[in-house]
Amino acid sequence: MTAVPTTKARPVKLPAALTVKELGDALNVSGIEIIKRLMTHGVMAAINQTIDFDTAAIVSVDMGFDPSELELEPVVPIVVEDALPSDDPTTLVARPPVVTILGHVDHGKTSLLDTIRTTRVAAGEAGGITQHVGAYQVIRDGRTITFIDTPGHAAFTAMRARGAQATDIAILVVAADDGVMPQTAEAISHAQNAGVPIIVAINKSDLPGANPDRVKQQLTEHNVIVEDFGGDVLSIQVSATKATGIDELLEAINLVAEVGEFKANPNRMANAVVIEAEMEASRGPVATLLVQGGTLRQGDAIVVGEISGKVKAMFNSLGERLREAGPSTPVVIMGLETVPEAGERVRVVADERLARQIVDERRRRREAREQTDHAHVNLDTLFNEISAGKLKELIIILKADVRGSAEAIRGALERLSSDEVKVKIIHSATGAVNDSDVMLAEAANGIILAFNSKIDPSAKKRAEASGVDVRTYSIIYQLLEDIEKALQGMYEPVYNRVVDGHAEIRQVFKSSRLGSIAGSYVTDGIIRRGLNIRITRKGQELGTGRCEGLKRFQDDVRDVATGYECGIVIGGFDKFLEGDVIEFFHQERAN
């Protein structure tokens, strides 16, 4: 392709980063011509895509400009403060409270929110478990309340923590028939660490096995003291299925909101947080934001981490188009260059040019940090590590439907690493599994995990031909269980023997059905049916076996405590005598 000479040499000043259109304007040529020149250099760029100075300079020379006349515009230091702007107290006005629904899996968080919103969403979730974060607004008695619905599974701990940190009030949902569970305790920790007030919603109170008082007692063990027990935490008994106690719960929210006096300044540039984000085939990158301060307007230039964009369209939780959104308003926006990370901060800036400059500066700083801290992972270094045999690795390429899921799964997988086996996720992204993913897995000898993601037909064919294992999942704990099993098969685990108790044989009985029975006295600990046993005589081990049964008088029992007599049925050994000692133990995996 021939160059397009200029009529005369003229100096051209180019910024460190600019769009294809801006380069065309600077060179006085069409953007289409710039795109064609970029393609000859292997760069595929759209008209509004940003390119750096070096790329722009190469294209400019192709277009006939003298290299000596190309100048880099002086870089004006861009200061992007992470701290939120401080507002004059006189500018603050009341805003709706932001309420987060937290609790253990399957305790009814989404069902409770459904009842409040009178909209069903839980039925569409795989396994009945919420997989994504959602934000909604409801109006009750003329007052607006913003709800954030967070997943309840343990692998979404980071997402749940993010919800607590972005909220004013935490609704802790506890099933009355199940009580406080491990994820309930996690949710309490997140809310307490975020310093937000808690309202306890004791759900499923209508079930026969419901015991609200037991729930309240269990909560005291986690420093959550309800009013009935002399504390200051409100507790409401509700039933999501029968819609009872909902009015009382909303009244409690309004009461806590009045005490908290939640306010914000709507008359400034907005700041927000990304609740969720995904790539939609018809609309491109779509992000759900929660506006925290200021007012977000259609047409605003925004910066989200290392992504810039412009709010081209904005919708509320009902899909209705909005022109602006004030504090505590959840909105779905279009107009970002790509999909942002869930939890990223969003800032409105003066114009798109400044947004791109900020993003370029952030990217430059990050790359400088990464270059200092560690070399970028590439296939060459990866092959060297594997061939050296110094570390066993499970190489994973992760694809998910949304960034929030990818982030949560990545964190959970990395926590499965140990001294013996390391989990290395060399690529993580949203969207369908494509040929590039399979090629990378083939080269790195890895597997592909697809969570709620499809597989392109060509990628599936290539994976089958190359023997690449592609596993698809719709429920996160099934994915983690499979990977954990795979990891356990890669090395021999170390177990420690933990002694549970001892029993002294006082008399030996014979049974035609059970064989020999050791009439014993428990000298310490608690002995249990099913535990491993070791039999000793005067300190010398005679043999090992398993406790097949325990009897107290004529009754079969599960365990026997210190100071009680019992009959012990031993499997695998019957040559015991009076005076022998039975040691009960189990194996625990070493950390």
Side-chain angles (χ1 to χ4, degrees), residues 35 38-46 49 124-127 129 131-132 155 276-286 337-339 341 376-387 392-414 416 421-490:
I35 292 175
L38 286 169
M39 291 175 64
T40 63
H41 292 282
V43 178
M44 306 298 293
Q49 189 167 334
E125 297 288 0
I129 301 173
Q131 307 283 353
H132 306 148
E276 188 53 278
E278 61 183 316
M279 178 68 74
E280 292 190 4
S282 58
R283 300 196 294 179
V286 174
E337 292 177 340
T338 185
V339 180
E341 296 281 352
H376 182 69
V377 176
N378 55 60
L379 290 180
D380 291 335
T381 59
L382 191 61
F383 286 143
N384 292 338
E385 290 175 13
I386 294 173
S387 59
K392 289 185 177 181
E393 294 177 321
L394 178 61
I395 307 299
I396 294 176
I397 290 86
L398 175 63
K399 299 300 287 284
D401 54 343
V402 294
R403 285 295 181 102
S405 297
E407 177 187 350
I409 295 170
R410 181 178 191 131
L413 288 173
E414 288 175 343
L416 295 178
V421 181
K422 182 178 180 181
V423 176
K424 178 176 283 188
I425 301 173
I426 60 174
H427 179 59
S428 174
T430 58
V433 177
N434 54 39
D435 286 341
S436 177
D437 299 322
V438 177
M439 291 171 63
L440 181 57
E442 184 179 359
N445 194 25
I447 66 172
I448 299 175
L449 303 181
F451 181 75
N452 280 338
S453 294
K454 297 180 180 179
I455 305 174
D456 291 342
S458 60
K460 184 177 181 180
K461 186 176 181 180
R462 185 184 187 100
E464 291 173 351
S466 60
V468 172
D469 186 11
V470 182
R471 304 182 184 186
T472 60
Y473 300 89
S474 61
I475 299 178
I476 192 169
Y477 59 77
Q478 291 180 351
L479 181 153
L480 297 178
E481 285 177 357
D482 284 359
I483 299 305
E484 191 168 18
K485 290 176 183 177
L487 288 174
Q488 290 172 349
M490 296 176 71

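By convention here, the first residue in the shown sequence is residue 1.
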Report task. Report the C-alpha distance between I425 and I397 in whole Å, list the side-chain angles of each, state the deciding distance to 0.1 Å, and finish with yes or no for side chain to side chain contact (heavy atoms under 4.5 Å, CB included). Result -> CA-CA 6 Å; I425 301 173; I397 290 86; over 6 Å; no
Query raised in the report: Run the side chain to side chain contact (heavy atoms under 4.5 Å, CB included) check on I448 and D469 step by step: do they pass?
Result: CA-CA 6 Å; I448 299 175; D469 186 11; over 6 Å; no
Requested in this report: Go through the steps to decide whether L398 and H427 satisfy the test side chain to side chain contact (heavy atoms under 4.5 Å, CB included), and finish with yes or no.
Outcome: CA-CA 6 Å; L398 175 63; H427 179 59; over 6 Å; no
Requested in this report: Kindly determine whether N452 and Y473 satisfy side chain to side chain donor-acceptor pair (under 3.5 Å), including the steps that lead there.
Outcome: CA-CA 6 Å; N452 280 338; Y473 300 89; over 6 Å; no
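Scanning for side-chain hydrogen bond (donor to acceptor under 3.5 Å, both in side chains) contacts around Q478 gives an empty result, with sequence neighbours left out. Every residue two or more places apart in sequence or in another chain was checked for a salt bridge (charged side-chain N to carboxylate O under 4.0 Å, His left out) with D456, and none qualifies.
Between the E278 side chain and the P285 main chain, no donor and acceptor come within less than 3.5 Å of each other. With S453 contributing its side chain and F451 its backbone, the two residues share a donor-acceptor pair below 3.5 Å.
The pair R410-E414 meets the salt-bridge criterion, with a side-chain N (NZ, NE, NH1 or NH2) lying under 4.0 Å from an Asp/Glu carboxylate O. Between D437 and K399 there is a salt bridge, since at least one side-chain N of the basic residue sits less than 4.0 Å from a carboxylate O of the acidic one.
For V433 against A459, the heavy-atom pair with the smallest separation is O-CB, 3.5 Å. The minimum heavy-atom distance linking L416 with L480 is given by the pair CD1-O, 4.3 Å.
Two residues are said to be in side-chain contact when any heavy atoms from C-beta on lie closer than 4.5 Å; I409 and L449 fail this criterion. The closest side-chain heavy-atom distance from I396 to I447 is below 4.5 Å. Looking at heavy atoms from C-beta onward, E407 lies out of side-chain contact with R403 at the 4.5 angstrom threshold.
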